[in-house]
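Chain A is the first sequence line, chain B the second, and so forth, proteins listed ahead of strands; every chain is numbered from 1.
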Amino acid sequence: MAAPLELSCWGGGWGLPSVHSESLVVMAYAKFSGAPLKVNVIDNTWRGPRGDVPILTTEDGIVSQPAKILNFLRKQKYNADCELSAKQGADTLAYIALLEEKLLPAVLHTFWVENDNYFTVTKPWFASRIPFPLSLILPGRMSRGALNRILLTRGEPPLYHIQEVEAQIYRDAKECLNLLSNRLGTSQFFFGDTPSTLDAYVFGFLAPLYKVRFPKVHLQEHLKQLSNLCRLCDDILGSYFRHGPMGISPAGPEMIDVNLRKLTQLVNKESNLIEKMDDNLRQSPQLLPRKLPTLKLTPAEEENNSLQRLSP
Amino acid sequence: MQAWPHFPDEETEDAWPRSPCRGKVLSTLPPRRFVPLHGGLATEPWPENATLYQQLRGEQILLSDNAASLAVQAFLQMCNLPVKVVCRANAEYMSPSGKVPFIHVGNQVVSELGPIVQFVKAKGHSLSDGLDEVQKAEMKAYMELVNNMLLTAELYLQWCDEATAGEITHARYGSPYPWPLNHILAYQKQWEVKRKMKAIGWGNKTLDQVLEDVDQCCQALSQRLGTQPYFFNKQPTELDALVFGHLYTILTTQLTSDELSEKVKNYSNLLAFCRRIEQHYFEDRGKGRLS
């Protein structure tokens, strides 16, 4: 189909093409299946839709939720699952359900409900991309929606207090991450050597958790210990989003040299390091006093320390 | 009349626990059997008088609750643990989490399939011990799929579809209570379910989309089952119990229209699966027909 397909979604940061999980799922799937999508990032002008993002605008109308958008792309013959067997297709559905039930509440909590994270990272980021009067209202509404969803699906008795609900959802999320890691094992993608819908969903949910710098990070720490999931995210970022998050990247996996991919990953790691250094140096005075001595290190020593922490 | 905790008198010879210095109470534990908490009860065997509580079978119980109750009964049958089914009109309020079914074993009350599976495992019976890590991950994923799609679709059909809600659900849900309590409770429950549907994104779905989701879920289950007798080849696991509970209830419950059961009937291996479990675990054990 030569008709232009336009995707409106939230923009990127911290090395990601988008910070919003659902937008990232759709973008990753489009890259895997080779669909030519024109990505419109939502910015702080009044142009473009803002609710229910991501939205795919086609010549026939508007398609709104990620599952529906993926179905639409499949019907247009952009299918990333053509090499999967029937059983693998069934497994995909099951693992997506597992992600939505067990991991999504914790991701929503980390982004939108946890006060430190919400007020220092999420709210400023989203508010800077929404035009003025709405920027006072929309982030609050999204946060309340996230809290509502967590409480309605998980907050039933005997978990009466929000702390018990939090403890339970983080336990479930850690278990889910462990299960995903066990399933991935040592293979490159979940079903062999080519990425599929499940990889898109896992990437969409995990990459923001992995890359965005939060003050309260214990789920992120747990994720970083599962090196095969981190490697999956880095691989996808390196191979498919190399030319920048916006615009159409014609490079497919066949055209990328293996060495070039490794070099790209190294460069990405270096740029992540530099970002980390930057963030450390700029961090607000809310830090505990005993962390200050490390900030006083010269940049070279700090880079050495970070390198030692990152190397396997 | 002694207040609790009652400390052992110095004269009694066999006060428990026996403190090394007789005559001095060192521990404030009352001298009776320590009631273990939910996790540490591996020593007690399964008692004969274990009971499972659900709502009244003929007039009150709804599709989704029946499915959950049947899943738990199937699971306990597969573990060879006897349990008596007792029907009470206020089972939902008796349950510790507000959901039925719940089982009363010894002095423990546990509700819902997930915690019951863990409880039974702590007692030493487990159906999924023979699975490796990857298979256990798959089992958990498929159980979430059934909960996510089938259970939510059943709730949607019962409470958010106006025809079914008006004709069947309201009448059944409020049947044990006098007017106006029956209407009030039914509307309250409907409001809660609608709120939950809206929060997870099912609020705007039409009935056709919900039925399509059910079809997709059944297709996934059918493809996973293939030609095997159970989902993980020779032995049934809690996934088989859960799937049986939901599918059997969908197949045997009469609603305003047959669309839901038609979706399941399209897959012959699922029908054979339900029949096999019904024959093996319910009829052969002399339990008689399941209603």
Side-chain angles (χ1 to χ4, degrees), chain A residues 22 51-52 64-68 70-71 74 84-105 108 144-160 168 172 175-187 190 198 201-202, chain B residues 38 92-93 95-99 102 109-112 114-115 132-152 192-205 209 212-213 215-228 231 239 243:
Chain A
E22 300 182 340
D52 263 5
S64 67
Q65 285 167 349
K68 290 188 199 161
L70 260 54
N71 272 342
R74 274 187 211 117
L84 296 186
S85 68
K87 182 175 168 313
Q88 286 172 331
D91 280 350
T92 303
L93 267 186
Y95 277 103
I96 292 175
L98 184 71
L99 278 176
E100 283 186 4
E101 282 285 315
K102 300 275 183 184
L103 189 59
L104 184 60
L108 282 180
R144 274 191 298 277
L147 180 62
N148 222 7
R149 180 170 176 155
I150 296 174
L151 285 181
L152 281 179
T153 51
R154 298 315 211 85
E156 292 143 0
L159 303 168
Y160 285 109
Q168 177 69 28
D172 282 341
E175 193 193 324
C176 177
L177 289 176
N178 291 342
L179 290 176
L180 284 175
S181 180
N182 279 337
R183 175 66 182 80
L184 181 59
T186 49
S187 57
F190 273 95
L198 182 58
Y201 268 91
V202 170
Chain B
H38 185 80
E92 207 178 354
Y93 302 105
S95 155
S97 72
K99 301 252 174 73
F102 65 95
V109 177
V110 192
S111 66
E112 291 186 77
D132 62 25
E133 290 300 323
V134 173
Q135 286 177 317
K136 277 193 186 151
E138 267 187 38
M139 184 181 78
K140 292 211 166 105
Y142 276 95
M143 285 175 79
E144 288 307 327
L145 179 69
V146 171
N147 278 333
N148 205 358
M149 289 222 172
L150 278 186
L151 181 64
T152 319
E192 271 175 33
V193 171
K194 279 193 173 164
R195 205 164 62 127
K196 182 173 166 179
M197 291 288 148
K198 205 166 136 203
I200 57 177
W202 282 53
N204 293 329
K205 283 200 181 181
Q209 287 168 339
E212 230 184 81
D213 282 341
D215 192 42
Q216 238 186 3
C217 179
C218 290
Q219 191 182 30
L221 289 173
S222 172
Q223 283 166 349
R224 177 66 180 83
L225 183 63
T227 49
Q228 299 169 329
F231 277 94
L239 174 62
V243 171

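To the nearest 0.5 Å, atom CD of residue E212(B) and atom CG of residue N71(A) are 7.5 Å apart. For the atom pair CZ (R149(A)) and NZ (K196(B)), the distance works out to 10.5 Å, reported to the nearest 0.5 Å. Atom-to-atom distance recorded for N148(A):CG and R195(B):CZ is 6.5 Å, nearest 0.5 angstrom.
Here the options are D91(A), L93(A), L98(A), the test is side-chain contact (heavy atoms from CB on, under 4.5 Å), and the partner is Y142(B); only D91(A) passes. Each of L152(A), L104(A), T153(A) was scored for a side-chain contact (heavy atoms from CB on, under 4.5 Å) with I200(B), with one residue passing: T153(A).
Heavy-atom distances place the side chain of Q209(B), and not its backbone, under 4.5 Å from chain A. Only the side chain of E100(A) comes within less than 4.5 Å of a heavy atom of chain B; its backbone N, CA, C and O stay farther away.
Of all the listed residues (A137(B), A199(B), S222(B), G226(B)), the one sharing the greatest number of non-hydrogen pairs under 4.5 Å with chain A is A137(B). Your options are G89(A), A97(A), S85(A), and the one with the most heavy-atom pairs under 4.5 Å with chain B is A97(A).
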Evaluate side-chain contact (heavy atoms from CB on, under 4.5 Å) for Y95(A) paired with E138(B), printing each intermediate quantity in order. CA-CA 8 Å; Y95(A) 277 103; E138(B) 267 187 38; 3.6 Å; yes
Given the rule in the side-chain contact (heavy atoms from CB on, under 4.5 Å) test, do E175(A) and K140(B) qualify, once you have shown the distances and angles that lead to the verdict? CA-CA 11 Å; E175(A) 193 193 324; K140(B) 292 211 166 105; 3.4 Å; yes
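In this structure, K205(B) places its NZ atom where more than 12 heavy-atom neighbours from other residues, nucleotides or ligands lie under 6.0 Å away.
Contact record, A220(B) with A90(A): O-CB, 3.2 Å, taken as the closest heavy-atom pair.
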